[in-house]
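Below, chain A is the first sequence line, B the second, and so on; all start at residue 1.
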Protein chains: 2
Amino acid sequence: MKNPNRLFKNAIYEQFARIGKAVSSPKRLELLDLLCQGPRTVEVLSKESGLTIANASQHLQVLRATRLVEAEKEGLFVVYRLADQTVCDFFRTMRVLAENRLAEVEQIKRRFLEGREGMEAVDRKALLELVRKEAVTVLDVRPVEEYKAGHIPGAISIPLKELQLRLSDLPRDREIVAYCRGPYCVLSIQAVEMLRAKGFKAVRIEEGIQDFRAMGFPIAVNEEV
Amino acid sequence: MKNPNRLFKNAIYEQFARIGKAVSSPKRLELLDLLCQGPRTVEVLSKESGLTIANASQHLQVLRATRLVEAEKEGLFVVYRLADQTVCDFFRTMRVLAENRLAEVEQIKRRFLEGREGMEAVDRKALLELVRKEAVTVLDVRPVEEYKAGHIPGAISIPLKELQLRLSDLPRDREIVAYCRGPYCVLSIQAVEMLRAKGFKAVRIEEGIQDFRAMGFPIAVNEEV
DNA sequence: CAAGTATTCAATATATTAGTTGATTAATTG
DNA sequence: CAATTAATCAACTAATATATTGAATACTTG
C-alpha cells in the first residue's frame with residue numbers, strides 16, 4: 001500500500017504501540033511500579049522484582065528505549081528513575097483500568113487475602129479522613145529511603161524489617177493505620193498481622209503514597225520521624 | 001520460587017500486562033481509536049484500518065479477551081464497541097504520553113504536514129474559544145453516523161466525501177474551522193486543502209470529538225444539521 | 001431450505017520476545 | 001595497576017505474536 005495517509009497512520013500508531021509494548025510485560029510493569037516509589041539501582045530492582053541482574057538490565061533498557069525511564073551512572077552503580085511523573089500516573093491509570101475491566105484482579109487479591117481476616121480496608125473513606133486529619137497513628141512500613149522520598153505528614157517510619165524491635169515506639173491505646181507502596185504491596189499486610197498478634201489495634205490502608213498524591217493529599221518530604 | 005508474596009505479585013502484574021499486551025500492537029490501537037468514535041462492524045473496521053477481515057477479527061478478539069471492547073451480533077453483522085468510556089480515556093492518556101515522551105511522533109507529524117502550509121493549528125487556544133462560542137462556522141467532516149453519535153454544538157456536518165458537492169452550504173465570508181476524529185485523522189486536512197483551493201477561509205483544528213469531550217466542551221447528540 | 005454474506009476458526013509461516021548463560025566493559029579501591 | 005564489583009552485551013533457546021490462507025459457522029433472505 002503506497003497511500004501516504006496509510007503510511008502516516010501506520011507510523012503514528014507504531015509509535016503509540018511502543019508505549020504499549022513497553023508495558024506489555026509483567027516484569028517491566030513491576031519495575032515501573034517500583035520506580036514510582038523512587039530511583040533505584042539495577043541491583044536493587046533486580047532483587048525486588050525477582051529477576052536476574054542481566055534480565056532486569058535488559059527490561060530496564062527496553063523501558064529506557066521508550067523514554068519511560070532514565071538511567072544515570074553514579075559511581076559503580078547505574079541509577080534508574082522515572083523519566084517523568086506522568087509515567088507514574090500512566091501506570092496508575094492502567095492499573096485502575098485493569099482493576100475495573102478484569103475481574104481476575106479482584107479474584108487474585110481475594111484469594112491472597114483469604115484467611116487473613118480484616119485485611120481488606122473497611123470504611124475506607126472515613127479512615128482516609130482520619131488519616132488526613134492525623135487523628136490516628138499513621139505508620140509507614142516502607143524502607144526508610146522511600147519514606148524520606150515522600151510520606152503522609154505525621155506518619156511514623158518503621159520499616160517492616162525493624163518493626164519487631166521497635167514496637168515500643170507505637171501506642172497501645174490508639175488505632176494504628178499502616179500503609180506501604182500500594183494495593184499490591186504486602187508490607188502493610190505483614191505489619192498489621194504482626195501488630196495484631198502483639199495486641200495492637202491496627203488496620204491496613206490499601207493506598208500507597210502515589211495514590212495519596214493523586215488524591216490530593218499533602219505529601220511530606222525528607223523529615224525523619 | 002514458592003514464596004506466596006511473589007506468586008501474588010506475579011499473578012497481579014500478569015493481569016496488568018494483559019492490558020499492555022492488548023495495546024502493544026499498532027493495528028489494535030488503530031482499531032481502538034476507531035471504536036472511540038463509535039460502534040462499528042468488523043467489515044467497516046477492517047476497511048478503515050487496512051486489515052483483512054480475518055485479521056481484524058482476530059485483533060478484535062484479542063481486545064475482547066481483555067474486556068476492552070464488547071461484541072454483539074446484530075443480524076448478519078457483529079458490532080464491536082468500547083466496553084467503557086474509560087477505555088477511550090486510557091487510549092488518550094497513552095497517546096498523550098507517547099506525544100510527550102517520544103519525539104518521533106512530532107517528527108512524523110511534521111514530515112507528513114511538510115508542504116501543506118498552515119495545516120498546523122495556530123493560536124489554538126483562541127480558536128478553541130471561538131469554537132466554543134460558536135463565533136466561527138464549525139465544520140464536522142466525519143461520516144454522518146459519527147456526527148450523529150456526538151459533535152460540537154452548532155457544527156455543520158459535511159462528510160469529506162460529499163464536500164465537493166456541498167460547497168454551497170458553506171459561507172464564503174466567514175472563517176471555517178474543520179475538525180474530524182483527532183490529531184492523526186487526515187479528514188480535516190484534506191477538507192481544508194480543498195476548501196482553500198476553492199477560495200474559502202478555512203483552518204483545521206487538531207482536536208477530535210473525544211478531545212473536546214475531555215476538555216469539558218458540551219457535546220451535541222443526534223440532531224442533524 | 002438453498003444461496004449469499006459476515007464473521008470466525010484452524011493451520012501455517014514468519015517474526016518478535018523473554019529468559020539464561022557466560023563474556024565483556026566501566027568504575028572503584030587497595 | 002590488579003582485583004573487585006555493577007552493569008551490559010552477545011549468543012542462544014523456548015515461547016509468543018502476527019499475518020495469511022482457506023475452510024467452517026451463523027444468520028438472513030428469497
> Can you tell me if the side-chain N/O atoms of Arg28(A) get under 4.0 Å from OP1 or OP2 in dA18(C)?
yes
> Does Tyr80(B) make a side-chain N or O approach to OP1 or OP2 of dA6(C) shorter than 4.0 Å?
no
> Indicate whether the side chain of Gln210(A) and that of Arg92(A) have a donor and an acceptor atom separated by less than 3.5 Å.
no
> Would you indicate whether the side-chain heavy atoms of Arg81(A) and Arg40(A) approach each other to under 4.5 Å?
no
> What is the distance, to the nearest angstrom, from the CG atom on Leu29(B) to the P atom on dA17(D)?
16 Å
> How long is the line joining NZ of Lys47(A) and C1' of dA6(D), in whole Å?
12 Å
> Quick one: which of dA27(C), dT8(C), dA17(D) gets closest to the side chain of Ile53(B)?
dT8(C)
> Atom CG of Leu60(B) to atom P of dA19(D): distance rounded to whole Å?
12 Å
> Checking side chain to side chain donor-acceptor pair (under 3.5 Å) against Gln37(B), which of Arg142(B), Glu48(B), Arg181(B) comes through?
Arg142(B)
> May I have the step-by-step check of salt bridge (charged side-chain N to carboxylate O under 4.0 Å, His left out) for Glu114(A) and Lys109(A), ending in yes or no?
CA-CA 9 Å; Glu114(A) 225 159 60; Lys109(A) 206 200 288 193; over 6 Å; no
> When the distance from CG of Leu51(A) to C1' of dT8(D) is rounded to whole Å, what number comes out?
15 Å
> At 4.0 Å (heavy atoms only), tell me whether Ser24(B) reaches a base, stays on the sugar-phosphate, or touches nothing.
nothing
> Between Ala54(A) and Glu74(A), name the one whose nearest nucleotide on DNA chain C is closer to the 5' end.
Ala54(A)
> Between P on dT8(C) and CD on Glu72(B), what's the gap in Å once rounded to a whole number?
13 Å
> His59(A) side chain N/O closer than 4.0 Å to the phosphate oxygens (OP1, OP2) of dG19(C)?
yes
> Out of dA18(C), dT20(C), dT7(C), which has the shortest distance to the side chain of Thr52(A)?
dT20(C)
> Taking OP1 and OP2 of dT8(C), is either one under 4.0 Å from a side-chain nitrogen or oxygen of Ser57(B)?
yes
> Using a heavy-atom cut-off of under 4.0 Å over every strand shown, decide if Gln58(A) touches base, sugar-phosphate, or nothing.
base
> Toward the 5' end of DNA chain D, which comes first, Leu76(A) or Gln61(A), by nearest nucleotide?
Leu76(A)
> Under the criterion side chain to side chain donor-acceptor pair (under 3.5 Å), which of Thr86(A), Asp84(A), Thr66(A) is the partner of Arg101(B)?
Asp84(A)
> Within the 4.0 Å heavy-atom criterion, would you say Ala56(A) contacts the bases, only the backbone, or no part of the nucleic acid?
nothing
> Would you kindly give the CD-to-P distance between Glu43(B) and dT8(C), to the nearest whole Å?
12 Å
> Give the rounded distance in Å between these two atoms: CG of Asn55(B) and C1' of dA11(C).
15 Å
> Send over the distance from Phe77(B) CZ to dT8(C) P, rounded to a whole Å.
12 Å
> Specify whether Tyr184(A) and Phe16(B) have parallel, tilted or perpendicular ring planes, treating 30° as the upper limit for parallel and 60° as the lower limit for perpendicular.
perpendicular
> Choosing from dA18(C), dA27(C), dT8(C), which nucleotide comes nearest the side chain of Val42(B)?
dT8(C)
> Please pick, from dA17(D), dT7(C), dA7(D), the nucleotide with the shortest atom-to-atom distance to any side-chain atom of Val78(A).
dA7(D)
